[in-house]
Amino acid sequence: DPKIIQKPKYLVAVTGSEKILICEQYLGHNAMYWYRQSAKKPLEFMFSYSYQKLMDNQTASSRFQPQSSKKNHLDLQITALKPDDSATYFCASSQERTGGYAEQFFGPGTRLTVL
Amino acid sequence: GEQVEQRPPHLSVREGDSAVIICTYTDPNSYYFFWYKQEPGAGLQLLMKVFSSTEINEGQGFTVLLNKKDKQLSLNLTAAHPGDSAVYFCAVRSYGSSGNKLIFGIGTLLSVKP
């Protein structure tokens, strides 16, 4: 069974519209993340949440808003979509401990195309 | 900011050959290192994690070497087979990094031909 679910798998949107990318993890982890993979670029860190609180935001644009309604959910709302937002968006999670380390596990991604 | 250079971007080998992917990082506070494998249309699968200085970790058919002196991380696939064809990413996390972000290399597309 998939441990990190992302919905939808593919998404096509028109410029200026708004979309929500869904992420649910069933690993019991306390931290969740969003990364973006654009063509010919490395995976880029966007946000991290710990216990449903924003820890780090590396996204310059306020058009990207994470939403955590439950501790195992971290959705990503994107408003005023632009063609440059076209990318595959990956959700990840980890079990963080004080003074420790933790590997991040990734979902299958949502491939967003903005026309 | 932190950077991770990964090479080569493409690698084509014959079945049974070895394949080496190298990542070089810049942040001296980099402390945790990971290799991920991405098959077509799939998410990233964690292959190996390395935390100590100069360490060799062995997995199923591959070896990971971390050389902190040279700030270099390598993945060596021994006797590659077609099932190893995928994109491989190295990722680095700095000690005390805010939000636990990973910095990724650009990826290496490995093709293993029968």
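In what follows, every heavy atom counts, from backbone to side chain, and hydrogens, waters and symmetry copies are set aside. Chain letters run A, B, ... following the sequence lines, proteins first, then strands; residues in each count from 1.
In this structure, CG on A:Asp56 lies 8.5 Å from CG on B:Asn100, to the nearest 0.5 angstrom. Distance check, rounded to the nearest 0.5 Å: CD of A:Glu103 to OH of B:Tyr32 gives 11.5 Å. Here B:Leu44 contributes atom CG and A:Tyr35 contributes atom OH; the two are 10.0 Å apart, rounded to the nearest 0.5 Å. Once rounded to the nearest 0.5 Å, the distance linking CZ of A:Phe45 with CZ of B:Phe104 reads 11.0 Å.
Within the structure, the ring-ring contact (aromatic ring centres under 6.0 Å, His included) test picks out the following pairs touching residues 7-31 of chain A (sequence neighbours left out): A:His29-A:Phe105. For residues 28-43 of chain A, the salt bridge (charged side-chain N to carboxylate O under 4.0 Å, His left out) pairs, not counting sequence neighbours, are A:Arg36-A:Glu44.
Of the atoms belonging to A:Gln6, not a single heavy atom falls under 4.5 Å from chain B. Looking at B:Gln38, only its side chain comes within 4.5 Å of chain A, counting heavy atoms on both sides.
At most 12 non-hydrogen atoms from other residues, nucleotides or ligands lie less than 6.0 angstrom from CD of B:Glu5. Residue A:Asp84 qualifies as open at atom CG: its count of foreign heavy atoms under 6.0 Å is 12 or below.
If you chain together hydrophobic residues whose side chains sit under 4.5 Å apart, A:Val12 and A:Leu81 never meet in one group. In the hydrophobic clustering of ILVMFWY residues, with side-chain heavy atoms under 4.5 Å counting as a link, A:Ile78 and A:Leu54 come out together. In this structure, A:Tyr51 is not a member of the same hydrophobic cluster as A:Met55, with clusters built from ILVMFWY side-chain heavy atoms closer than 4.5 Å. By the rule that hydrophobic residues join a cluster once side-chain heavy atoms approach within less than 4.5 Å of another member, A:Leu11 and A:Tyr89 end up as members of one cluster. Note: the hydrophobic cluster containing B:Val87 also contains A:Leu43 (ILVMFWY, side chain heavy atoms under 4.5 Å, direct or indirect links).
Considering only heavy atoms from C-beta on, A:Phe106 stays 4.5 Å or farther from B:Leu46 through its side chain.
A donor-acceptor contact shorter than 3.5 Å is absent between the side chain of B:Lys101 and the backbone of A:Asn57.
Using a 4.5 Å cut-off between non-hydrogen atoms, the part of residues 105-114 of chain B that approaches chain A consists of B:Gly105, B:Ile106. The stretch residues 9-18 of chain B places none of its residues near chain A, where near means some heavy atom under 4.5 Å from a heavy atom of that chain.
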